[in-house]
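One structure below.
Order of the sequence lines fixes the chain letters, A, B, ..., with proteins taken first and strands second; residue numbering starts at 1 for each chain.
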Number of protein chains: 2
Amino acid sequence: MGIKERKAREKEQLRQQILSAARELFVNEGYENVSMRKIASKIEYSPTTIYLYFKDKADLLDSVCQETLLNLLNTLEQLKSDISDPVERLKKSGRAYIAFGLKYPQDYKLTFVVRPQFQEGLRLQEGSIGKKVFDYLHEIVSECIRQQIFRQVDIDTTGQVMWSAVHGVTLLLIDFPDFPWTERDKLIDAVIHTTIAGLKA
Amino acid sequence: MGIKERKAREKEQLRQQILSAARELFVNEGYENVSMRKIASKIEYSPTTIYLYFKDKADLLDSVCQETLLNLLNTLEQLKSDISDPVERLKKSGRAYIAFGLKYPQDYKLTFVVRPQFQEGLRLQEGSIGKKVFDYLHEIVSECIRQQIFRQVDIDTTGQVMWSAVHGVTLLLIDFPDFPWTERDKLIDAVIHTTIAGLKA
DNA sequence: CGTTATACTTAACAGTGTTAAGTTAAATAA
DNA sequence: TTATTTAACTTAACACTGTTAAGTATAACG
């Protein structure tokens, strides 16, 4: 019964091949400028083969973004055990989140900006990776509140404020690279410091 | 010599017609889903006529966004005279900025998200309306610092932190409408309150 | 009245996402 | 082994896209 398994493995392999060809093209040329035919020719298959693995172009994008979210989640979770002080952990996580966005700016935009555009009614579903990323943040924030380091505003709001801050600065730095920003790290530090200071009692 | 003027007026009229048809379609159906032919048929001209008034589709988008920025600037500047306390003014302005984004979510996204995608190397040029919007914010912030209400970090950074916060929450609320946000106004208040508190000494 | 310039249109090119039908080769059953 | 079914992939086509070059009609000017 090894044949079926080999076949399944080969199918999965091609799926991954499509996925990574798509990511590379999306990132380098922009979602709009990448055609199914371009992806197909990169992997040396006919365009319609892709449709045997993905519903349509938006679905392909979605799968690419799921991978990105998983990478982001892993990046963040590597910091988890390190530090005991929750505020310090929140700072590190915030910086890591922003750093991730700036290291893979196109992936970040695809995930948090382009994808919502092409998937109306997109929701961070229960159990989804996106939800897990937010839950990670949520957990640290809730520890800060539990230890009465932060004001006793409700946890959800606090987490969402934090997310707004890091998301905002990340996107601005990506989208307006020619704006006369102050030194990059200084701005990032200021955003994180300001937000956390504002959340404290 | 009134003929030339009438002609110029008529030309400007058609330009405006194209512009508002484009805006309506972009906003309702999304930039990607609007074709030049669709815009043309809405104003009952041939598709190529548009190219006599705008360089290409991206240029048309850009012009639509310039209008949006002008609207935003006017909305903000109406608050200017009202209040003397700069912190109160900053709060009001922040709320007004977010409210604008949420009132015209598609226009906001077109301006601050879609446009940078289709105009690589977009910069907030000296004298541009976008620059003026930022300068408006900058001015209030600098008054807060001058009166020593805010920490003596440099003005630019402070303004950029503020922009990050309002931009971030605006986009998140637009892009993930199904996320379990806390009550909208509560979140907005929290973002503004947190950021300003964090900027204070 | 003839000429020139302006405003607009027609036709076409090379490309798009996607579907339906067709083909080939491998796995299964007789 | 041979026939049949299934899986994987391709070809051809449809209705569309942004954009350009060439053509046309009308209004203004000398």
Q. Is the shortest side-chain N to carboxylate O distance from A/Arg146 to A/Glu143 below 4.0 Å?
A. yes
Q) Does the side chain of A/Leu61 come within less than 4.5 Å of A/Val114's, by heavy atoms? A) yes
Q: Can you tell me the distance, in whole Å, between the CD1 atom of A/Ile43 and the P atom of D/dT10?
A: 9 Å
Kindly list each side-chain donor-acceptor pair under 3.5 angstrom involving residues 93-103 of chain A, sequence neighbours excluded, with atom names and distances?
from	atom 1	to	atom 2	distance (Å)
A/Ser93	OG	A/Arg89	O	2.8
A/Ser93	OG	A/Tyr136	OH	2.9
A/Arg95	NH1	A/Asp189	OD1	2.6
A/Tyr97	OH	A/Tyr108	OH	2.7
A/Tyr97	OH	A/Trp163	NE1	3.0

Q) What is the distance, rounded to the nearest whole Å, between atom CD1 of A/Ile18 and atom P of D/dA8? A) 12 Å
Q. Relative to A/Tyr31, does A/Lys57 satisfy both conditions: NZ or CZ under 6.0 angstrom from the six-membered ring centre, and within 45 degrees of the ring's axis?
A. yes
Q.
If the condition is salt bridge (Lys or Arg N to Asp or Glu O under 4.0 Å), which residues does A/Glu67 pass it with, not counting sequence neighbours?
A. A/Arg23
Q: If a protein heavy atom is under 4.0 Å from the base, mark B; if only from the sugar-phosphate, S; if neither, -; do that for nucleotides 8-17 of chain C going 5' to 3'.
A: BBBBB---BB
Q.
Could you tell me how far apart A/Ile50 (CD1) and D/dC9 (P) are, to the nearest whole angstrom?
A. 12 Å
